[in-house]
Participant: 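Once you've had a glance at the structure underneath, I'll fire off some questions.
Residue numbering restarts at 1 for every chain, and letters A, B, ... go by the order of the sequence lines.
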Protein chains: 2
Amino acid sequence: MKTSLVAVDFHGQGCADCAVRGFSVCASLDQFEMREFEQLSRRVSFASCETVFAQEDRSSCFYNLLDGVMRLYKLLPDGRRQIVGFVLPGDFVGMTTEERHGFSADAIGPVTVCQFAKLPFGRFADDKPNLLRRMNELAVQELNQARDHMVLLGRRSAEEKVATFLVGWRDRLVELRGPSNIVPLPMSRQDIADYLGLTIETVSRTFTKLERDGIIAILPGGVSLRDSARAEALAAA
Amino acid sequence: MKTSLVAVDFHGQGCADCAVRGFSVCASLDQFEMREFEQLSRRVSFASCETVFAQEDRSSCFYNLLDGVMRLYKLLPDGRRQIVGFVLPGDFVGMTTEERHGFSADAIGPVTVCQFAKLPFGRFADDKPNLLRRMNELAVQELNQARDHMVLLGRRSAEEKVATFLVGWRDRLVELRGPSNIVPLPMSRQDIADYLGLTIETVSRTFTKLERDGIIAILPGGVSLRDSARAEALAAA
DNA sequence: CGGGCGATTGACGGTCATCAAGCTGTGTGG
DNA sequence: CCACACAGCTTGATGACCGTCAATCGCCCG
């Protein structure tokens, strides 16, 4: 939970060769805007488990994940934790008009982000309807995911929760890296539990049940979807 | 669940005297933009329990609630329901870039909305950064609420859920109608249960428990927060 | 080899869901 | 005015699912 930076590059090393150029916010910018935008950004790396920002921090920056995985979570005063999302490369994080973030973000494994100071970013975006529309699009998309997750948390059984998570996580990785039924799980069982509103023991038991039923195979660092049709059925149910 | 319109007024009867003028999307518009905007909108009323739009409908309109209360919900194929939010006057609903809404909205009691066709609205907004920013603001606000609700659904006990709901609902009504610890509850127990991820029986039992403990008094059509400090403590916990 | 951490498994219990009455208030019709 | 019906809510009895507590396993790394 230290928050020291591990590496800093002022003004990135060019957006042109950025891995997430095509599908993040910046996709909405033209060549010239891009050049200007580049000046606002800064590449920053974090080591595994470092906190990128915390719930109570003043929200002075936005982040665009370039590499690695992050978890976003909220803590109750007594320490209960709810993970509200996992972040993959290309995802835009921290957008808010509030004074403080309202949730924390930390690195699951080493992470590189593209960081923007909120104020100059705001000034830059102010007269760029295409960028504003793109940000709207992203916010609405996240809102839809959030609502889907509410259904999961409020109305689904442990088995459905785990299956839904695995299928959803696979689908996100497929978008990013191409089709495969091998699903790497960089996050811990505790993270999965806190994402699904379960305990670590229930997650573990459910994994083994799914394995016994021939739906998945548990591998070191992930699972394989042996019977993705049945997994998807559980997820849809 | 009929969806017939009850009353229609083409081009509203003026935004100038609109009850929610001050705090909805339109707050970001100047006099001249407003005049143009007025032409895009249309006042529509719905009777109690009518569906304003359904999950699978093509998302052709946005809505601004003028009067009444609505519930937004998602249904699983087997009929389980999760209410993802209650809508009060001034709230903006239906914003999406997707083809279909993804959730349903229906009236709890009679309702009046200000309706916009998506396409002309989009064209109108396209070159109005102030409006786009305002929409961003609203989307981000909703996203924050959604995340708070995830914590509630995933990590809180029945008693905390109910207390949090009552306090939160009171606070929203206070914003709208001024301070009071009388909390009208236009929605049914079933609605509350589906919002909190509980059953109707658990909600009912929890209400009576809170009453026995002197925290609330159950009134016809609502409750009174007798000991709002303790209610808030439960909600914060 | 031994320490340590994360994951798994087992035994047990509590919270909340389920099933089933009963209650209350409101509207209807005689 | 009362009987009746009906819908929404409350209450009770029971049990399942999942949380809790605790022991063990497996693996990595010193």
Participant: Looking at C/dT18, does its base get a donor-acceptor pair with the side chain of B/Arg205 below 3.5 Å?
Facilitator: yes
Participant: Please report, rounded to the nearest Å, how far the P atom of D/dC18 is from the CZ atom of B/Arg155.
Facilitator: 13 Å
Participant: Can you confirm whether B/Arg172 is buried at CZ, in the sense that more than 12 heavy atoms of other residues, nucleotides or ligands lie under 6.0 Å from that atom?
Facilitator: yes
Participant: Roughly, in whole Å, what's the span from CG in A/Leu219 to C1' in C/dG6?
Facilitator: 17 Å
Participant: Out of C/dT8, D/dC18, C/dT9, which nucleotide sits closest to the side chain of A/Ser157?
Facilitator: D/dC18
Participant: I want to check something: taking the side chain as every heavy atom from C-beta on, are B/Leu166 and B/Arg170 in contact at a cut-off of under 4.5 Å?
Facilitator: no
Participant: Under a 4.0 Å threshold between the charged nitrogen and the carboxylate oxygen, would B/Asp191 count as salt-bridged to B/Arg81?
Facilitator: yes
Participant: Kindly compute the distance separating CD (A/Glu142) from CD (B/Glu142), expressed to the nearest 0.5 Å.
Facilitator: 13.0 Å
Participant: Roughly how many Å is it from CZ in A/Phe207 to C1' in C/dA7, rounded to a whole number?
Facilitator: 11 Å
Participant: Got a donor-acceptor pair under 3.5 Å from the side chain of A/Glu201 to the base of D/dC18?
Facilitator: no
Participant: Can you check the A/Glu159 CD to D/dC17 P distance for me, whole Å?
Facilitator: 11 Å
Participant: Could you report the tightest heavy-atom contact between A/Ala107 and A/Ala47, atom names first, then the distance?
Facilitator: CB-O, 3.6 Å
Participant: Give me the residues of residues 180-197 of chain B where at least one heavy atom lies under 4.0 Å from an atom of DNA chain D, by number, or none.
Facilitator: B/Ser188, B/Arg189
Participant: Between atom NZ in B/Lys209 and atom C1' in C/dT15, what is the gap in whole Å?
Facilitator: 13 Å
Participant: In whole angstroms, how far is the C1' atom of C/dA7 from the CG atom of A/Leu210?
Facilitator: 16 Å
Participant: Mind calculating the distance between NZ (B/Lys161) and P (C/dT15) to the nearest angstrom?
Facilitator: 14 Å
Participant: Verify the contact: side-chain N or O of A/Ser204 to OP1 or OP2 of C/dT9, cut-off strictly under 4.0 Å; return yes or no.
Facilitator: no
Participant: Is the count of non-hydrogen atoms from other residues, nucleotides or ligands lying under 6.0 Å from B/Glu175 atom CD greater than 12?
Facilitator: no
Participant: Measure from CZ on B/Arg156 to P on D/dG19 and round the result to the nearest Å.
Facilitator: 17 Å
Participant: Is there a side-chain polar atom (N or O) of A/Thr199 under 4.0 Å from OP1 or OP2 of D/dG19?
Facilitator: yes
Participant: Are A/Asp91 and A/Phe86 close enough that some pair of their side-chain heavy atoms sits under 4.5 Å apart?
Facilitator: no
